Amino acid sequence: MSQIKPLNIVILGLSITSSWGNGHATTFRGLVRELRNRGHHILFLERDVPWYASNRDLPNPEYCQLELYQSLEDLQARFTEQVRDADFVMVGSYVPEGVAVGEWAINTAQGVTGFYDIDTPVTLAKLAREDYEYLHPRLIPMYDLYLSFTGGPTLEKLEKEFGSPMARPLYCSFDPELYFPEPNEEKVWDLGYLGTYSDDRQPPLEKLMLDAAREWPLGSFVVAGPQYPDTIQWPENCEYIHHLPPAEHRQFYNRQRFTQNITRADMIKAGYSPSVRLFEAAACGTPIISDYWDGLDEIFEFGKEILVSYSAEDTLGFLIDLPEEERLAIGERARQKVLTQHTAAHRAQELENYVLGVLSSESSVLSANEEVELGS
């Protein structure tokens, strides 16, 4: 429990009620729950859209006040007072009409404002194309905080090129109460992959995993996630699962000998962009075979906590030749790493510290101004 004065927080996010086709919901669930555990009050505002309304796996979260709104006008009519009075207002990436929502939040809020970019490399690529779907460059200097799923050089870029007053990493995380080893779970697959289809991830998935499956008919493989086109030719020894709700993710990882991590092209280009799959799989003690990107070695130690593949042959080498004792040891070392650095509780404390830092600096400026006025 936090010893500080509880904060009144408003979050405008893509979704917390539905994990269908997005990684935002599980991120918000862990973060919001742990903020509540630290004593803070959270109002989560979510646009009511049909594709999430028909796929809600958490319609009534216990750890926050949830309100659905129908339109920008509905949002402004019902929640202006809450946004104005909040200590911290955070707008997430991919929020519908995000630019208008952000402008309204910034202009209305009297407390700290922040943009939580769960898609930073994608966002920057969109800005470069002058695609302002949910963020406009003019808003970046206006948010007090830019909280980013991507660390490293991207943070400096956000401050120096885009004028953010304070860009800080707020990586994804996992919930240790939901993700843990289940030693008695039967290993059904040699290698599995969990992720929504994307055009840029499919070629490396083919190269690193599906080609390995084709070269090793005796192996057993699985891919789980929505939106894969019917035209994909799955290997005969690769099972496809259309959608796997979060409640089944732990069992999914525990039933694999290894799990595959594939990174989106924009995130590879930016580097320093760990995905939640890395942390969830590691928490289950399932060894990870990943593609390479800059900064991955700052999250996990290569060869000790994670395995990096550049080809189907590399993947098969790990699957076939790695001794069982070392396979288990790699999984356990990765599990210990994420337990000490990457839980949702760690992220909640980091966010709290960022917000308090802004509040403290603003308080110092006010005090200094008052002293100047008294002195004059």
Side-chain angles (χ1 to χ4, degrees), residues 23 26 149 171-176 178-183 185 187-196 201 204-213 216 219-225 238 244 246 248-264 267-268 271-343:
T26 51
F149 250 40
Y171 291 136
C172 56
S173 63
F174 77 98
D175 181 351
L178 297 178
Y179 293 92
F180 49 83
E182 295 180 287
E185 194 68 59
K187 301 301 181 190
V188 178
W189 305 290
D190 292 295
L191 182 63
Y193 173 72
L194 175 62
T196 301
R201 271 200 300 237
L205 181 64
E206 293 276 350
K207 176 183 175 182
L208 301 183
M209 179 177 170
L210 301 185
D211 283 352
W216 189 33
S220 180
F221 299 77
V222 62
V223 172
C238 182
L244 203 68
E248 298 178 27
H249 287 187
R250 181 183 71 243
Q251 183 187 53
F252 182 70
Y253 286 124
N254 273 285
R255 296 175 79 185
Q256 302 168 38
R257 290 179 56 238
F258 296 84
T259 199
Q260 180 78 59
N261 179 66
I262 300 291
T263 310
R264 295 198 64 172
M267 293 185 175
I268 289 177
Y272 300 84
S273 300
S275 76
V276 70
R277 289 185 305 276
L278 287 174
F279 298 149
E280 291 174 349
C284 293
T286 304
I288 301 162
I289 299 174
S290 180
D291 51 3
Y292 173 82
W293 39 268
D294 288 344
L296 178 59
D297 56 346
E298 293 196 7
I299 307 292
F300 295 111
E301 184 178 350
F302 291 178
K304 294 288 188 180
E305 299 168 340
I306 198 168
L307 301 165
V308 178
S309 176
Y310 299 89
S311 65
E313 288 68 33
D314 287 344
T315 300
L316 287 176
F318 298 135
L319 297 182
I320 298 172
D321 299 332
L322 196 72
E324 178 66 5
E325 183 178 350
E326 182 58 17
R327 184 188 75 83
L328 294 171
I330 289 171
E332 177 59 22
R333 286 191 287 263
R335 189 175 79 89
Q336 292 302 322
K337 173 64 71 67
V338 298
L339 283 171
T340 56
Q341 296 185 15
H342 298 294
T343 68

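Please read these numbers as outputs of a predicted model, since none were measured by experiment.
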**Request:** For the residue pair E182 and F180, establish whether any side-chain heavy-atom pair is separated by less than 4.5 Å.
**Result:** yes

**Message:** Please report the interatomic distance CZ(R264) to CD1(I262), rounded to the nearest 0.5 Å.
**Reply:** 13.0 Å

**Request:** Verify, without hydrogens or angle tests, whether D291 (side chain) and T263 (backbone) share a donor-acceptor contact under 3.5 angstrom.
**Result:** yes

**Asked** Are side-chain heavy atoms of I330 and F300 found at a separation under 4.5 Å?
**Response** no

**Fill in**
Those residues at least two apart in sequence (or on a different chain) that pass side-chain contact (heavy atoms from CB on, under 4.5 Å) with P181 are N254, R335

**Request:** Classify the angle between the aromatic ring planes of F221 and W216 as parallel (below 30°), tilted (30 to 60°) or perpendicular (above 60°).
**Result:** perpendicular

**Shortest non-hydrogen contact from L319 toward I289** = CD2-CD1, 4.0 Å

**Message:** Can you confirm whether T343 sits close enough to S173 that some side-chain heavy atom of one is under 4.5 Å from a side-chain heavy atom of the other?
**Reply:** no

**Prompt:** Sub-3.5 Å donor-acceptor pair from the side chain of T259 to the main-chain atoms of G192, do we have one?
**Reply:** yes

**Asked** How far apart are the closest heavy atoms of A281 and I288, and which atoms are they?
**Response** CB-CG1, 4.1 Å

**Request:** Calculate, to the nearest 0.5 Å, the distance between atoms CZ and CG belonging to F318 and L307 respectively.
**Result:** 4.5 Å

**Message:** Test of understanding: with side-chain contact (heavy atoms from CB on, under 4.5 Å), list the residues that count as partners of D294, not counting sequence neighbours.
**Reply:** Y272, Y292

**Request:** State, to 0.1 Å, how close T26 and P246 come at their nearest heavy-atom pair, and which atoms those are.
**Result:** CG2-CG, 3.9 Å

**Request:** Find out whether S290 and F302 are in side-chain contact, i.e. whether some heavy atom of one side chain is under 4.5 Å from a heavy atom of the other.
**Result:** no

**Message:** Run F258 and L322 through side-chain contact (heavy atoms from CB on, under 4.5 Å) and show every step you take.
**Reply:** CA-CA 11 Å; F258 296 84; L322 196 72; 4.0 Å; yes

**Request:** Identify the two heavy atoms, one from Q256 and one from T286, that lie closest to each other, and give their separation to 0.1 Å.
**Result:** O-CG2, 3.8 Å

**Request:** Mind checking the OG-CG spacing from S309 to N261? Nearest 0.5 Å is all I need.
**Result:** 11.5 Å

**Asked** Which residue pairs pass the salt bridge (Lys or Arg N to Asp or Glu O under 4.0 Å) test with at least one member in residues 302-326, sequence neighbours excluded?
**Response** E305-K337, E324-R327, E326-R333

**Prompt:** Between H249 and F174, is any pair of side-chain heavy atoms under 4.5 Å apart?
**Reply:** no

**Complete:** Here the gap from E280 atom CD to L194 atom CG, rounded to the nearest 0.5 Å, amounts to 7.5 Å

**Message:** Would you compute the distance between atom CD of E185 and atom CZ of F252 and round it to the nearest 0.5 angstrom?
**Reply:** 12.0 Å

**Item:** From T315 atom OG1 to K207 atom NZ, the distance as rounded to the nearest 0.5 Å
**Value:** 10.0 Å

**Message:** So which atom in R250 and which in C284 form the shortest heavy-atom distance, rounded to 0.1 Å?
**Reply:** CG-SG, 3.9 Å

**Message:** Less than 4.5 Å apart, side chain to side chain, heavy atoms only: is that true for F149 and S273?
**Reply:** no

**Request:** Might you point out which heavy atoms bring M209 and V223 nearest each other, and give the distance in Å?
**Result:** CE-CG2, 3.9 Å

**Message:** Show, in sequence, the C-alpha distance, side-chain angles and deciding distance for L278 and I306, and conclude whether the side-chain contact (heavy atoms from CB on, under 4.5 Å) test is met.
**Reply:** CA-CA 9 Å; L278 287 174; I306 198 168; 4.0 Å; yes

